[in-house]
Amino acid sequence: MSEPVKFHFDVEGDNFSSAGEASVNVKKLLRQLSMDPETIRRVSIAMYEGEINMVIHANGGTADVLLYPDRIRIILADTGPGIADVALAMQEGFSTAKDNVRALGFGAGMGLPNMKRYTDRMEIESEVGKGTTVTMDVFLPGKNA
Amino acid sequence: MTAKELREALALQVLSEPDPDRTVTGGYAGDLLSWVMGRAQSGDAWVTIMTNRNILAVAALADTACVIVAEDSVVEADVTALAVEKGLNLYRSSLTGFDLCCRIGSLLGV
Ligand SMILES: Nc1ncnc2c1ncn2[C@@H]1O[C@H](COP(=O)(O)OP(=O)(O)OP(=O)(O)O)[C@@H](O)[C@H]1O
Ligand SMILES: [Mg+2]
């Protein structure tokens with residue numbers, strides 16, 4: 001199988017003025033590749049939530065987007081504090097966001113649920129004190145075998 | 001109805017209108033960004049009192065037709081400039097979010 005087309009981004013921690021930039025760039029790139037709008041929307045929403053989580057909770061990280069013939073894979077990796085209880089973190093409304101980021105509109109505890117909802121597959125690997133890696137797949141229409 | 005037609009009908013203040021012909025198909029009200037991200041539909045007029053620059057990433061990615069800042073909530077000049085740069089319609093009104101939604105609803109016939 002041929003190598004996927006790959007985009008790589010570094011995401012800066014605690015920088016709220018650039019937060020979301022990688023996702024906005026991915027949206028642009030996918031548009032240029034004439035992907036269908038619903039797929040673009042799903043990928044960019046899921047990636048945005050993961051990107052913001054790395055900014056807010058993990059002091060930044062990296063985002064990789066891989067384009068396979070049948071799917072788009074998003075890998076968000078950080079070396080932040082990790083998530084002690086992933087099942088709890090996945091619940092709607094659960095958030096450990098601090099007041100300063102809540103004042104900006106973050107901290108509803110809806111980011112991870114959105115990521116789950118907008119992707120076809122999502123996997124969280126996390127170790128407390130080591131970091132978190134979230135892998136998400138969005139299947140291209142008509143190719144979700 | 002287009003964003004510009006909606007803006008005219010509601011007498012909204014224009015902060016940025018790079019995409020006047022964008023079709024408005026519905027509405028969404030909310031201030032918590034990931035609620036909006038998860039629930040707003042593409043083509044919605046988004047009513048909020050949040051005005052920091054993160055609303056623009058949400059509007060771009062959720063693909064809303066316009067953002068309407070309610071109750072004359074203060075929008076900094078750099079946010080307005082960024083909206084122009086990103087091609088996002090950004091309006092402001094002295095009406096409350098509730099009043100805006102009522103009027104948008106009757107204009108759209110929902
Ligand atoms: N990359 C990460 N590193 C460490 N903790 C994380 C990470 N991502 C999520 N979490 C934890 O999971 C919780 C839930 O995340 P989720 O994205 O659902 O909500 P939130 O970020 O707190 O608020 P929202 O996304 O609604 O603005 C976070 O509050 C945080 O405790
Ligand atoms: Mg989040």
Side-chain angles (χ1 to χ4, degrees), chain A residues 11 14-31 35-53 55-57 74 89-95 97 100-119, chain B residues 16 18-19 22-26 28-44 46-71 73-90 97:
Chain A
V11 177
D14 295 312
N15 183 340
F16 297 102
S17 41
S18 67
E21 227 161 59
S23 306
V24 172
N25 282 328
V26 164
K27 181 176 182 179
K28 257 184 232 154
L29 287 164
L30 297 181
R31 259 199 191 149
M35 294 271 175
D36 90 287
E38 190 50 31
T39 302
I40 294 176
R41 193 166 179 274
R42 292 173 63 204
V43 167
S44 44
I45 288 176
M47 179 172 168
Y48 172 84
E49 293 288 7
E51 181 185 351
I52 294 293
N53 280 351
V55 173
I56 292 180
H57 306 295
I74 308 155
M90 284 298 301
Q91 285 180 19
E92 292 192 358
F94 178 84
S95 175
N100 64 321
V101 296
R102 285 181 189 269
L104 295 171
F106 301 111
M110 291 297 290
L112 289 172
N114 281 348
M115 289 155 74
K116 175 107 189 128
R117 205 152 74 87
Y118 279 99
T119 58
Chain B
S16 158
D19 193 6
R22 177 71 195 270
T23 303
V24 181
T25 49
Y28 189 84
D31 303 315
L32 295 176
L33 300 179
S34 55
W35 269 106
V36 180
M37 200 59 141
R39 306 292 180 191
Q41 307 283 312
S42 177
D44 278 353
W46 171 25
V47 177
T48 183
I49 51 163
M50 284 311 235
T51 60
N52 67 74
R53 50 197 290 147
N54 298 291
I55 63 170
L56 301 178
V58 172
L61 297 172
D63 196 33
T64 58
C66 62
V67 181
I68 306 175
V69 173
E71 304 205 46
S73 184
V74 176
V75 183
E76 300 292 342
D78 65 319
V79 174
T80 301
L82 193 64
V84 175
E85 188 190 314
K86 303 255 179 217
L88 299 165
N89 298 323
L90 180 62

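The sequence lines fix the lettering, A, B, ..., with proteins before strands; numbering per chain opens at 1. Just so it is clear, the structure is predicted and the values come from calculations on it, not from any experiment.
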Any idea which donor-acceptor pairs are under 3.5 Å between chain B and chain A?
| unit_1 | atom_1 | unit_2 | atom_2 | d |
| --- | --- | --- | --- | --- |
| B:Leu33 | N | A:Gly105 | O | 2.8 |
| B:Ser34 | O | A:Asn114 | ND2 | 2.7 |
| B:Gly38 | O | A:Arg117 | NH2 | 2.3 |
| B:Gly38 | O | A:Tyr118 | OH | 2.9 |
| B:Ala40 | O | A:Arg41 | NH2 | 2.6 |
| B:Asn52 | ND2 | A:Leu104 | O | 3.0 |
| B:Arg53 | NE | A:Ser17 | O | 3.3 |
| B:Ala60 | O | A:Lys27 | NZ | 2.4 |
| B:Ala62 | O | A:Arg41 | NE | 2.9 |
| B:Ala62 | O | A:Arg41 | NH2 | 3.2 |

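When each of B:Gly38, B:Ala62, B:Ala57 is checked for heavy-atom pairs under 4.5 Å with chain A, B:Gly38 comes out on top.
In this structure, A:Leu104 and B:Leu33 approach most closely via the heavy-atom pair O-CD1, 3.5 Å.
Heavy atoms of A:Ala46 lying under 4.5 Å from chain B are absent altogether. Contact of B:Met50 with chain A is made through the side chain alone, with heavy-atom distances under 4.5 Å.
Partners of A:Pro37 according to the side-chain contact (heavy atoms from CB on, under 4.5 Å) rule, which considers only residues two or more places apart in sequence or in another chain, do not exist here.
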